[in-house]
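Take a look at the structure set out below.
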Amino acid sequence: GAERFDAVSAVGGWRGVLESTVPILVFVVILAMAPTALTTALVASLTVSGVALLARLAQRGRRRNLKQVAGGALVTVLSAAWAWRSGQASNFYATGLVINTVCLLAFLGSLLVRRPVIGMLMELWHPTSGGDDESPASGSSWRTDPARAGIRRRYAIATGVLAAVFVLRLLVEVPLYLAGEAALGALGVSRVVLGLPLYGLGIWFAWLIVRPSSQRANR
């Protein structure tokens, strides 16, 4: 049967959402209550992230999202180190801005060289994801087969959708970051809202665009 898309599972499930957002919320709340308690906020955020990682490690039979949690913990450590070394709480969010900038450049670059990121991932996951009407000819590439022009276009559009996610994050968060401590609360809220919720919405739209033709026909 055709694969189904689950946006919640794609972002690590509800547990994954909590593991990604709670460290940021802890940081924001502590600084909102005590604006000078940068060290306390950083330690608390790191502790929450570390507990989540240890909990995953303790569940030997349920490590499916361990890489995601470990990656989130690493980003939290880097963010905390940047903020602590600079003494500026706003730099807790600087790592995320750098990551989003790199991702945006990668997605736009993939479009420029006509190898859209979504297309590369979809073809690795399921070589016939374009559907029966756009299956590649024997020995041909999805990037050059004239019969697959439609799926190439959808791959490009879906890649553009996720690139737009990174653009939106940067458009909102960069001005808040540059505003410094005065906009710290707003920056924290925007990081949560434009984090996994926006990402999940983006990949859901991308899936609607590139899903197998059999699923599109059935809707």
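Side chains are part of it too, since the values below use all heavy atoms of this structure and drop only hydrogens, waters and symmetry mates.
- Criterion: ILVMFWY side-chain heavy atoms under 4.5 Å apart, direct or through other members. Under it, V77 and W82 are not part of a common hydrophobic cluster.
- Interatomic distance, M122 CE to W207 CH2, rounded to the nearest 0.5 Å: 4.5 Å.
- Residues satisfying the salt bridge (Lys or Arg N to Asp or Glu O under 4.0 Å) criterion with R169, sequence neighbours excluded, are absent altogether.
- Screening residues 171-186 for salt bridge (Lys or Arg N to Asp or Glu O under 4.0 Å), with sequence neighbours left out, gives E173-R191.
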Please report, to 0.1 Å, the donor-acceptor pairs under 3.5 Å made by any side chain of residues 104-115, with sequence neighbours excluded.
{"from": "S110", "atom 1": "OG", "to": "F107", "atom 2": "O", "distance (Å)": "2.7"}
{"from": "S110", "atom 1": "OG", "to": "V117", "atom 2": "N", "distance (Å)": "3.2"}

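- With hydrophobic clusters built from ILVMFWY side chains whose heavy atoms lie under 4.5 angstrom apart, V210 shares a cluster with L208.
- One hydrophobic cluster, built from ILVMFWY side chains closer than 4.5 Å, cannot hold both V167 and V102; they sit in different ones.
- I30 contributes atom CD1, which lies 9.0 Å from atom CG of L42 (distance to the nearest 0.5 angstrom).
- We find the CG-CG distance between L171 and N100 to be 11.0 Å, quoted to the nearest 0.5 Å.
- The side-chain heavy atoms of Y155 and I209, taken from C-beta on, include no pair separated by under 4.5 Å.
- Screening residues 87-99 for salt bridge (Lys or Arg N to Asp or Glu O under 4.0 Å) gives no qualifying pairs among residues at least two apart or on separate chains.
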Could you list the donor-acceptor pairs under 3.5 angstrom formed by side chains in residues 44-55, with sequence neighbours left out?
{"from": "S45", "atom 1": "OG", "to": "P23", "atom 2": "O", "distance (Å)": "3.0"}
{"from": "T47", "atom 1": "OG1", "to": "V43", "atom 2": "O", "distance (Å)": "2.7"}

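- Screening residues 31-57 for ring pair (Phe, Tyr, Trp, His ring centres under 6.0 Å) gives no qualifying pairs among residues at least two apart or on separate chains.
- Residues F205 and V165 fail the side-chain proximity criterion, which asks for heavy atoms closer than 4.5 Å.
- Under the rule for a side chain to side chain contact (heavy atoms under 4.5 Å, CB included), the partners of V75 that lie at least two apart in sequence or sit in another chain are S79, T95, I99.
- Pairs engaging residues 21-31 under the salt bridge (Lys or Arg N to Asp or Glu O under 4.0 Å) rule: none recorded [sequence neighbours left out].
- For L25, the side chain to side chain contact (heavy atoms under 4.5 Å, CB included) partners two or more places apart in sequence, or in a different chain, are V192.
- Separating the CD1 atom in I118 from the CG atom in L162 is a distance of 4.5 Å, to the nearest 0.5 Å.
- For residues 28-40, no pair satisfies side-chain hydrogen bond (donor to acceptor under 3.5 Å, both in side chains), with sequence neighbours left out.
- For F27, the ring-ring contact (aromatic ring centres under 6.0 Å, His included) partners are F92, Y93, not counting sequence neighbours.
- By the side chain to side chain contact (heavy atoms under 4.5 Å, CB included) test, V174 is found to be paired with L97, L170, L178, residues two or more places apart in sequence or in another chain being considered.
- L78 and I24 fall into different hydrophobic clusters, where Ile, Leu, Val, Met, Phe, Trp and Tyr are joined by side-chain heavy atoms under 4.5 Å apart, directly or via other members.
- When hydrophobic clusters are built by joining Ile, Leu, Val, Met, Phe, Trp and Tyr residues whose side-chain heavy atoms come closer than 4.5 Å, directly or via intermediates, L194 is grouped together with L201.
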